[in-house]
Every structure is written in structure tokens, then in C-alpha cells.
Amino acid sequence: MSDTASPHEGSPVRLIPNTPVALIEIDNPPVNATSRHVRSGLLAAIQEVGRNPQIGAAVIACAGRTFVAGADIREFGRPPQEPHLPDVINAIEACSKPVVAAVHGTALGGGCEIALACHARVAEPGAGFGLPEVKLGLVPGAGGTQRLPRLVGLEAALDLVTSGRTVKAAEALRLGLIDQLSTADLRQDAMDLARDLIGRPLRRTGECAVTPLDAATASAKVADIHRKARGAQAPGRAAELVLLSASLPLQDGMTRERETFLELRSSAQSAALRHAFFAEREVTRLPGIDSVEPRPVQKIGIVGAGTMGSGIAIAFADAGFDVKVVEASEQALAAGQARITDVYDKQVQSGRITAAARDERLQAIEYEVGISSLSDRDLVIEAVFEDLDVKRALFRDLDEILPPGTILATNTSYLDINLIAAVTSRPADVVGLHFFSPANVMKLLEIVRTDRTAADVVATGLSLAKRLRKIPVVCRVCDGFVGNRILSRYRLQAEYLLEEGALPHEVDAALEAFGFPMGPFAVSDLAGLDIAWARRKRLAPTRDPRERYVDIADRLCEAGRFGRKTGAGWYRYDGGKREVDPFVTELVEEASRRRGLTRRSISADEIQSRIRAAIVNEACKILDERIVERPLDVDVVMMHGYGYPAWRGGPLFEADSVGLRPILDTVNERAERDGPGWEPADGLVSRAASGATFYP
Ligand code: T1G
């Protein structure tokens with residue numbers, strides 16, 4: 001092999017045969033995924049290292065921003081092509097000469113598996129390692145479940161493989177996953193280590209022994225893994241394979257692993273999770289906005305330091321923005337500052353950030369009384385009381401003091417932003433940035449464009465989302481935008497189920513079995529019943545009297561039962577534990593009597609079908625009204641803002657496999673029973689009739 005060419009010109013893998021330590025460099029942008037050409041180039045390079053007597057050892061490194069971030073997910077829809085990654089990785093481990101991995105960025109999936117098969121691993125301090133295959137509905141398919149336990153032990157391997165989480169280099173070192181941290185020149189440090197290993201016995205990971213877990217510990221861990229998986233199958237299957245590593249020789253374990261990988265690769269859950277992976281990236285690319293330059297934003301003003309305002313301030317400070325929080329009074333400002341400081345203190349206590357990082361973030365946040373100090377801001381977002389008149393008055397005042405070009409954003413969760421923008425002299429600069437609580441944690445950000453929002457303001461929202469590490473969905477104005485509008489519909493359907501015979505904990509249990517982290521009544525107790533109550537009272541004058549209305553939640557609120565924060569809501573919370581409350585059961589049964597309904601037992605299947613139908617139908621109305629442009633916009637909102645199980649791919653992706661005809665039948669049945677607002681969406685009727693799907 002010539003000194004810079006690879007087996008064939010244009011290969012993404014170069015072998016530079018320095019002596020005694022050769023360099024194998026992978027260069028396959030954007031993330032050095034192990035496409036077929038990478039696999040064949042890597043295999044050829046390793047074979048050459050073994051053959052060439054001038055070469056005593058080799059380092060595998062990557063060009064660009066990261067070490068290998070895994071197999072090429074786009075290849076999974078096609079039959080696997082040789083050379084298969086396990087074979088390439090086995091060749092690395094079997095090499096007669098030392099091979100050292102030099103890791104920067106993230107070694108994920110197949111990338112981590114390549115590193116595990118090397119005879120040693122050196123990483124930059126900021127590097128990460130992970131086997132996130134379960135997040136794609138897969139298990140590692142190239143030795144990860146068998147080699148990782150051989151380096152870090154069964155318990156750590158079970159945690160990493162079944163959670164799919166990434167560990168930073170320092171933790172990787174502590175676990176034994178890597179051998180050395182590089183604080184200077186990564187490649188040089190790796191080559192020095194490779195040179196030191198020449199002539200010494202090689203530690204082949206596959207030959208290391210695994211200490212088995214006792215049966216009780218193993219079964220307890222597997223049970224916990226299944227519980228956390230909430231219906232996803234990959235974590236449990238991965239756990240079985242990891243545990244096998246203690247009883248099977250490497251190749252036998254890898255055979256079982258490969259069989260499982262190939263089985264899951266063709267599973268519906270993996271197809272859904274791969275869809276979700278690409279959808280949350282595709283959603284940031286909006287026709288007509290892609291080529292628009294965002295406005296420069298660095299200085300952020302936040303009006304309102306309540307729960308949302310504080311969370312938004314933290315989100316921006318964490319992303320490196322200069323933040324100024326303002327409130328109407330010293331007292332409210334102090335309360336907000338205390339709230340923000342408390343969040344950071346808790347992160348230091350939990351070890352999530354260092355005290356120095358906390359201090360740095362806190363220093364990036366200024367606090368002022370009144371809005372006059374906001375005149376130097378690039379963007380101002382309000383998170384004040386959820387009342388249209390309050391927000392309009394504030395925007396009038398902001399319009400007076402903010403310089404031209406500053407963006408005025410509102411965090412409202414359902415008010416009409418067109419009406420807010422209309423009071424300003426710059427409606428094109430007004431946009432909704434709807435964060436989800438806690439704003440510094442939840443990934444979803446609804447970017448709400450009004451009838452007059454400028455394209456570069458939308459583009460700025462998308463650019464901010466990327467810096468905030470959030471997942472943006474651009475939508476237009478309607479009551480509740482996308483997520484809250486759909487939530488209010490399926491929450492109403494859930495209340496119909498109560499009148500007809502179910503109890504809150506039965507509805508919640510059915511939806512948690514469906515894969516939601518929490519059912520709608522438990523979520524309502526967490527968020528507070530008073531928020532939805534205020535909305536219902538606001539909408540009461542315009543509510544269609546023909547629509548079936550359930551007043552159980554109103555009666556809970558009238559009794560002061562606003563959820564966890566008052567110790568009782570749909571459930572009772574003695575000592576924080578959620579318990580079924582006979583008071584609520586009686587309230588529900590009384591509601592049935594008032595409705596003249598004979599209560600009946602309702603199956604989990606019926607609960608799930610009716611909730612799914614409510615979600616899909618409202619989603620179709622949202623598409624019909626062009627509130628969003630694409631089905632993936634709805635799926636991303638529901639997965640990242642409302643806990644719709646990602647292993648179902650989101651409601652519309654899943655509807656394609658469930659079938660639109662049965663969903664439409666359920667919608668039609670409910671329309672007869674529940675009146676206006678429940679009629680089938682045009683888009684649902686037309687697709688069911690034509691056999692069209694949401695995703696071709
Ligand atoms: N395959 C194909 N494309 C990928 C990819 C992958 N593995 N990872 C990223 N991309 C694309 C992504 O779609 C986007 O494309 C661009 O790269 C930048 O990504 C055998 C079977 C590495 C942490 O699950 O977690 O190995 O939108 O926007 O925010 O056992 O990408 O620009 O056209 O996310 O800096 C296991 C998945 C695979 C890692 C970088 N590996 N990737 O994040 O950039 S299965 C993974 C990530 C496997 C083995 C098994 C992230 C990242 P576009 P990005 P980022």
C-alpha cells in the first residue's frame with residue numbers, strides 16, 4: 001500500500017505507514033460513520049499493518065469533529081454488506097501488533113466497539129463513549145455487549161448498554177474503558193503508548209474474563225431495566241446479551257449478539273426509533289427558511305422570573321448567552337434569583353456541574369427591576385402572567401424601548417400571538433418561543449410564527465434552538481399551537497372515559513402501559529389543575545353548547561384540589577406518594593349519574609384506541625389547517641414534549657402501521673357520541689379512503 005493512498009483511491013480510510021507506529025486515519029464526514037467503504041478501508045489497513053514488517057504498531061484516529069459515531073444508520077434499511085463490522089473489529093483485536101485508539105469527540109456504537117477491540121485506548125478529556133444502540137431499537141452488533149463487560153465489569157456494562165448513555169472520558173478512565181487521558185497531543189500520546197506496547201504481550205479485550213453477578217442481583221437489575229424500558233424491547237434484549245458475556249467465550253457471545261442485532265434491525269420498534277432519530281433533525285429544516293440568514297443574538301432579556309422565566313434564563317445561560325432577567329419588583333426579582341441559584345446549587349450537589357461552572361453561569365445572568373435596562377438586548381422573551389391583556393401591555397412598553405432589529409418573543413403556551421404582535425410597531429419582529437417546563441431540561445421548543453413574523457426571525461429561532469441544544473418545531477398560531485391543542489383533546493377524551501366507567505388510575509395505567517411515562521391525570525396533577533381550569537373558564541363563553549363537556553376537573557378545582565402542589569388533585573399525595581382517592585372516585589361516579597350513564601368496565605385496549613384516535617384526528621386537523629407543514633412536525637412535538645413513546649415513532653408514524661381505517665372508525669364512533677369538535681378531519685378521511693399514509 002502506498003504511503004498515503006488506501007486500497008482504492010478516494011477511500012475514507014488512509015494508512016500512513018510511519019515506522020514503527022503507523023497511523024490509520026478515518027475521514028468520513030460528518031461523523032465518521034462506518035459505511036461500507038470505511039469498513040473495507042479499515043480492514044485493508046489493519047491487514048497491511050499485520051503484513052508490513054516495518055510497522056510495529058498502529059493508531060486508529062479520525063479526522064473531523066469526532067471519532068467514529070457508529071454504523072451508518074442510513075444503511076439499516078438495506079441488506080448488510082461485507083465486510084461486516086464485527087469481522088473488521090475482530091481483525092483489529094486479532095492483529096499481531098498493538099493497535100491503539102485515539103478518541104476525540106464521541107466514540108459511539110460501532111465507534112465504541114472499534115475502540116473496545118483495540119489493545120489500548122487514549123482519549124481527550126472532552127471525549128465521550130457510549131453504546132446508544134438501544135435508542136435505535138437495536139443492540140450493539142459488533143461485540144459491544146461482549147467486550148464492554150470484559151473491561152468495565154457486568155454492572156457498569158449493564159448500565160451503559162441498556163441506557164445507551166454516553167460517559168465522559170474521566171468516567172471511562174475510572175471504569176477501565178480507556179487506559180489514558182491525553183492532555184496534550186492526542187495522536188502523539190496514542191502513538192507513544194503504541195510504541196511502548198511493541199514487543200509486550202497484547203491485552204486482547206476478548207480474552208479478558210468477566211466476573212458473573214449473583215442470580216439475585218442479576219434478576220433485580222433485569223427487572224429494573226424492563227420497568228424503565230416502558231415497552232421498548234431493546235434494553236431487555238441487550239441485558240440478556242451482556243449477562244451472557246460471563247458464561248460464553250467471546251465468539252459464541254458475538255454470534256448470539258449478531259443474531260439479536262439482525263432480528264431487531266428489522267423490527268417495527270427499530271424502524272420507529274430510526275424514524276425518530278432522523279425526524280428530530282429533519283424538523284429543523286423548513287422549506288423557505290433554510291437559506292435565510294438568522295439575526296445575530298447574544299444578549300437575551302427575560303421578563304418574568306417565575307418558574308418558566310427562571311428556567312428559560314438557565315437554558316440560555318447554559319448555552320453561553322448573556323442573560324438579563326427583569327421583574328416588576330425587587331421582591332419578585334429576588335425570588336427569581338433565588339430560584340435560579342437553587343437550580344444550579346442542586347446541580348453542583350448532584351455532581352452534574354462543578355462549583356466553578358455554577359459560578360460562571362450565575363455570573364452570566366444579570367438582574368434588574370423594570371424593563372428600561374433591556375434596551376441593549378438582541379432578543380427579549382416574556383414569561384409573565386398568562387393573560388392576553390398583561391402581555392399586550394408589556395409588548396407596547398417593550399416596543400417603545402427596544403432598538404430596531406431586536407426580536408420580541410413570547411413564551412405563551414396558547415394565547416393568540418397575532419393579537420400580541422398587533423400592539424407593536426414591528427409585528428414582523430414578534431415570534432412565539434414556547435418552552436416546556438422545566439425550560440432548562442425539556443428538549444422541545446415550539447417556534448410560533450404569526451401571520452407577519454419575518455422569515456429571518458423564524459430562522460433566528462431555529463438557530464437559537466440549535467445553540468440551546470433544543471429540538472425546534474415551527475408552527476403557526478392556533479389555540480394551544482400543536483402540543484397543548486392535541487393534549488387538550490385527548491385529555492377531554494380521557495375524561496369521557498371517566499364518565500363512562502373508568503377511573504383516573506385505570507386510564508393512567510393504560511397509557512403508561514402504552515408507553516407514556518405518566519398518564520394524563522398524573523401529569524395534570526404535576527402541572528397543576530388550575531392552569532387548564534383558567535383556560536376552560538376563558539373559553540367558556542365561546543364553547544359550543546352541543547359539545548359534551550365534563551365538569552369533574554372544575555369540581556376538583558372548586559374544592560381547591562390543584563394537584564401535587566395542594567396535596568390533592570386527581571389523586572391524594574400523602575407524603576408525596578400518589579394514591580387513589582375515594583373522594584375522586586365518588587366525584588366520578590356522581591358525574592356518571594348526572595350524565596345518566598350506567599358505568600361499565602373499560603379495557604386498556606379501548607382506552608388506548610380512543611386516546612390514539614383523539615391524538616391522530618386532532619393532528620390531522622392541525623395539518624389540514626397548515627399549523628405545521630409536515631407529519632414529522634407533529635410526531636416530534638408529541639415525542640419530545642408529551643412523552644409519546646419514541647419506540648412507536650410518534651402518533652402519525654404509528655398510525656401508518658395501525659391503519660387509518662380503524663382509527664377513522666373510532667373517530668366516527670366518538671363523533672356520534674361526543675358532538676362537535678370530534679368530527680373526523682378531512683385529511684384523515686381522505687387518507688383512509690385513498691390508502692395514503694402519512695409517511696410514503
Ligand atoms: N449514521 C448516519 N448518519 C448519522 C449518524 C449515523 N450513525 N450519526 C449522525 N448522523 C448524521 C445526522 O443525521 C446529521 O445529518 C449529521 O450526521 C450530524 O449529526 C454496529 C449498529 C454523533 C452525537 O446512534 O448521536 O453503531 O441532518 O446533527 O448534534 O453496534 O449525531 O446533517 O443530514 O446529530 O453534533 C450508533 C447517532 C449507530 C449515534 C453528533 N450510533 N448520532 O451530534 O450532530 S448503530 C449512534 C448521534 C451502531 C453498531 C451499531 C449524533 C452525534 P444531517 P447531528 P451533533
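All values reported here derive from a predicted model rather than from experimental measurement. Numbering of ligands and ligand atoms starts at 1, following listing order.
Between H275 and F653, the distance separating the two ring centers is shorter than 6.0 angstrom.
Side-chain N/O atoms of R274 and S270 include a donor and acceptor closer than 3.5 Å. Side-chain contact of E257 with T145: a donor-acceptor pair under 3.5 Å is present, judged by distance alone. Y695 and D635 share a donor-acceptor pair across their side chains, judged by distance under 3.5 Å alone.
Annotation: ligand 1 has protein neighbours P30, V31, R65, A69, G70, A71, D72, I73, R74, F76, L85, L108, G109, G110, E113, P132, E133, L136, P140, G141, A142, F261, F277, F278, R281, R285, R469, each with a heavy atom less than 4.0 angstrom from the ligand.
Pairing each heavy atom of S11 with each of H37, the nearest pair is OG-O, 4.3 Å.
Ring planes of F436 and H434: tilted class, angle from 30 to 60°.
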